[in-house]
Amino acid sequence: MKKVNVAVVGATGMVGRTFLKVLEERQFPIENIYFFSSKKSAGSTITFAGKDYTVEELTETAFDEKNIQIALFSAGGSTSAKFAPIAASKGIIVVDNSAQWRMDPDVPLIVPEVNPEAIKEIKKGIIANPNCSTIQAMVPLKPLYEKYGLKRIVFSTYQAVSGSGVRGVKDLEDGIAGKPNQFYPHPIAYNCLPHIDVFMDNGYTKEEMKMINETKKILNDDSIRVTATTVRVPVKYGHCVSINLEFENPFDMDQIYKLLQETEGVIIVDDVKNNVYPMPIDVEGKDEVYVGRIRRDYSVENGINMWVVADNIRKGAATNTVQIAELLIKKLK
């Protein structure tokens with residue numbers, strides 16, 4: 001496989017550091033690698049593949065004369081808004097983990113197991129990594145959508161504090177220690193907050209609208225009716241999504257199980273007689289999407305419920321980004 005020069009932007013953050021683990025684990029074909037961060041973290045040292053690197057400050061000229069082919073961004077929306085186009089102008093393909101570019105019609109939004117063909121649609125030199133909860137929901141949804149069609153989706157999420165970065169984790173740890181919350185609007189320890197991101201004029205939060213809009217874009221189907229409620233829970237790692245699906249066509253439950261068992265990236269954990277089902281504590285550090293509590297919804301003619309759990313920092317962010325970069329390697333060949 002052809003080796004490439006890679007940049008990691010936001011290298012010292014929670015997702016940025018996980019990029020490095022995933023790149024090493026998957027033996028991504030790297031010739032040279034460069035690490036960038038804000039001025040605050042510039043000058044620090046990162047160890048990658050047994051070698052120490054100095055983190056550089058991200059500036060408008062940071063990408064010059066390095067012949068970088070792929071840049072993995074996880075540095076927030078405002079940073080991506082400014083620096084992703086600069087990188088793209090230098091011939092670099094950016095895979096961005098923020099929400100900045102996801103709904104841009106000229107930017108593909110990709111979950112590699114679901115819509116890898118979208119890699120052909122790069123127009124701005126930027127590819128968007130979807131929202132963490134959307135990613136894990138799309139992996140099991142795609143085969144069911146293709147087989148039975150989807151009328152309606154109801155998402156209810158139970159999202160870990162690491163989805164908010166180090167500040168969210170600190171608020172949970174501080175709360176357990178009896179200290180006041182500093183990041184969330186209410187204590188997260190021993191509590192649940194039905195509030196992720198800012199509230200919109202329609203009463204939904206921005207996180208909820210991300211799931212609604214990104215689902216339609218990834219499946220390339222605006223006819224599906226989608227609604228969502230997103231909740232922050234006192235768990236460090238691992239997002240859970242309760243998904244209610246209403247299909248266009250009749251189905252057999254055995255066929256549902258068979259389709260999911262054959263789906264790349266899905267592991268079924270569903271033995272309720274023995275209290276076996278996916279839980280965040282069991283998926284931390286893993287890249288697959290775990291599905292359980294699969295059952296018919298008797299309130300509609302053709303519906304099911306299922307429970308979907310994944311590590312939000314890995315499959316929900318870093319791993320999916322690296323998988324997109326792997327698709328790019330094939331395209332660059």
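Heads up: numbering here begins at 1 and tracks the sequence.
Here Glu262 pairs with Lys258 in a salt bridge; the nearest charged N to carboxylate O distance falls below 4.0 Å. With respect to the salt-bridge test (charged N to carboxylate O, under 4.0 angstrom), the residues Glu301 and Lys151 do not qualify. We find that Lys330 and Glu326 are not joined by a salt bridge, their nearest charged nitrogen and carboxylate oxygen being 4.0 Å or further apart.
Remark: side-chain polar atoms of His239 are paired, donor with acceptor, to backbone N or O of Ala160 under 3.5 angstrom. Within the 3.5 Å criterion, the main-chain N or O of Thr45 finds no donor-acceptor partner in the side chain of Thr54. Using a distance-only test at 3.5 Å, with no hydrogens or angles considered, no donor-acceptor pair links the side chain of Asn131 to the main chain of Lys210. Panel note: side chain Tyr257, backbone Ile268; no donor-acceptor pair is recorded below 3.5 Å. Between the side chain of Gln136 and the main chain of Lys315, no donor-acceptor pair closer than 3.5 Å is present. One N or O on the side chain of Gln69 and one on the backbone of Asn67 form a donor-acceptor pair closer than 3.5 Å. Side-chain N or O atoms of Asp311 include one that pairs as donor or acceptor with a backbone N or O of Gly285 at under 3.5 Å. For Lys147 (side chain) and Phe251 (main-chain N/O), no donor-acceptor pair under 3.5 Å exists by modelled atom type. Between the side chain of Asn181 and the backbone N or O of Phe183 there is no donor-acceptor pair closer than 3.5 Å. The backbone N or O of Gly16 lies less than 3.5 Å from no partner atom in the side chain of Ser74, so there is not a single donor-acceptor pair.
Two residues are said to be in side-chain contact when any heavy atoms from C-beta on lie closer than 4.5 Å; Val111 and Pro130 meet this criterion. The closest side-chain heavy-atom distance from Asp171 to Val161 is not below 4.5 Å.
Using a 30° and 60° split on the angle between ring planes, Tyr148 and Phe247 fall in the tilted class, from 30° to 60°. The aromatic rings of Tyr34 and Phe36 lie parallel to each other, with less than 30° between the two planes, well short of the 60° mark.
Other residues, nucleotides and ligands place more than 12 heavy atoms under 6.0 Å from the NZ atom of Lys66. Lys170 NZ: 12 or fewer foreign heavy atoms inside a 6.0 Å radius. Applying the 6.0 Å contact sphere to CZ of Arg293 captures no more than 12 heavy atoms from other residues, nucleotides or ligands. A 6.0 Å sphere centred on NZ of Lys21 holds no more than 12 heavy atoms belonging to other residues, nucleotides or ligands. Heavy-atom neighbours of Glu24 CD from other residues, nucleotides or ligands within 6.0 Å: above the threshold of 12.
Between the side chains of Tyr184 and Asn191, no donor-acceptor pair is found at a separation under 3.5 Å. Side chains of Asn220 and Asn115: no donor on one and acceptor on the other come within 3.5 Å. Looking only at atom types and distance, the side chain of Tyr204 has a donor-acceptor partner in the side chain of Thr227 under 3.5 Å away. Defined by atom type and a distance below 3.5 Å, a donor-acceptor pair is present between the side-chain atoms of Gln159 and Glu207. Between Asn5 and Asn32, the side chains place a donor N or O and an acceptor N or O closer than 3.5 Å (distance only, hydrogens not considered).
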Under the criterion side-chain contact (heavy atoms from CB on, under 4.5 Å), I'd like the reasoning laid out for Leu141 against Ile153: C-alpha separation, chi angles, the key distance, then a yes or no. CA-CA 10 Å; Leu141 279 193; Ile153 305 171; 3.9 Å; yes
Between Lys82 and Glu60, is the salt bridge (charged side-chain N to carboxylate O under 4.0 Å, His left out) condition met? List the steps. CA-CA 9 Å; Lys82 178 178 180 180; Glu60 293 179 6; 3.7 Å; yes
Derivation of the side-chain contact (heavy atoms from CB on, under 4.5 Å) call for Ile256 and Arg296: CA-CA 10 Å; Ile256 295 285; Arg296 187 178 288 272; over 6 Å; no
List the steps and the verdict of salt bridge (charged side-chain N to carboxylate O under 4.0 Å, His left out) for Lys236 and Glu173. CA-CA 9 Å; Lys236 280 191 178 181; Glu173 291 175 342; 2.6 Å; yes
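Evaluated for a side-chain hydrogen bond (donor to acceptor under 3.5 Å, both in side chains) with Asp297, the options Asn302, Asn244, Asn305 yield exactly one hit, Asn244. Looking at Asp96, Thr319, Ile135, Thr134 one by one, the single match for side-chain contact (heavy atoms from CB on, under 4.5 Å) with Asn129 turns out to be Ile135.
Under the 4.5 Å side-chain heavy-atom criterion for ILVMFWY residues, no single connected hydrophobic cluster contains both Tyr277 and Ile243. A continuous path of ILVMFWY side-chain contacts below 4.5 Å connects Phe155 to Leu144, so both sit in one hydrophobic cluster. A chain of hydrophobic side-chain contacts below 4.5 Å, direct or via other Ile, Leu, Val, Met, Phe, Trp or Tyr residues, connects Ile86 to Ile126. Connection of Val107 to Met138 is not established within any shared hydrophobic cluster, with ILVMFWY side chains joined at heavy-atom distances below 4.5 Å, either directly or through further cluster members. Cluster membership check: Tyr158 does not share its hydrophobic cluster with Val289, using side-chain heavy-atom separations under 4.5 Å among Ile, Leu, Val, Met, Phe, Trp and Tyr.
Between Ile70 and Ile68 the shortest heavy-atom distance is O-CG2, 3.4 Å. Scanning both residues, Ser162 and Val169, for their nearest heavy atoms gives CA-CG2, 3.8 Å. The heavy-atom pair separating Cys192 from Pro234 by the smallest distance is SG-CD, 4.4 Å. Across all non-hydrogen atoms, the minimal contact from Pro280 to Cys240 is CG-SG, 3.4 Å.
Here the straight-line distance linking atom CZ of Phe35 with atom CZ of Phe48 works out to 6.0 Å at 0.5 Å rounding. One distance of note links SG of Cys132 with CE of Met211; it measures 8.5 Å at 0.5 Å rounding. Between the CD atom in Glu214 and the CG atom in Leu219 there is a gap of 11.5 Å [rounded to 0.5 Å].
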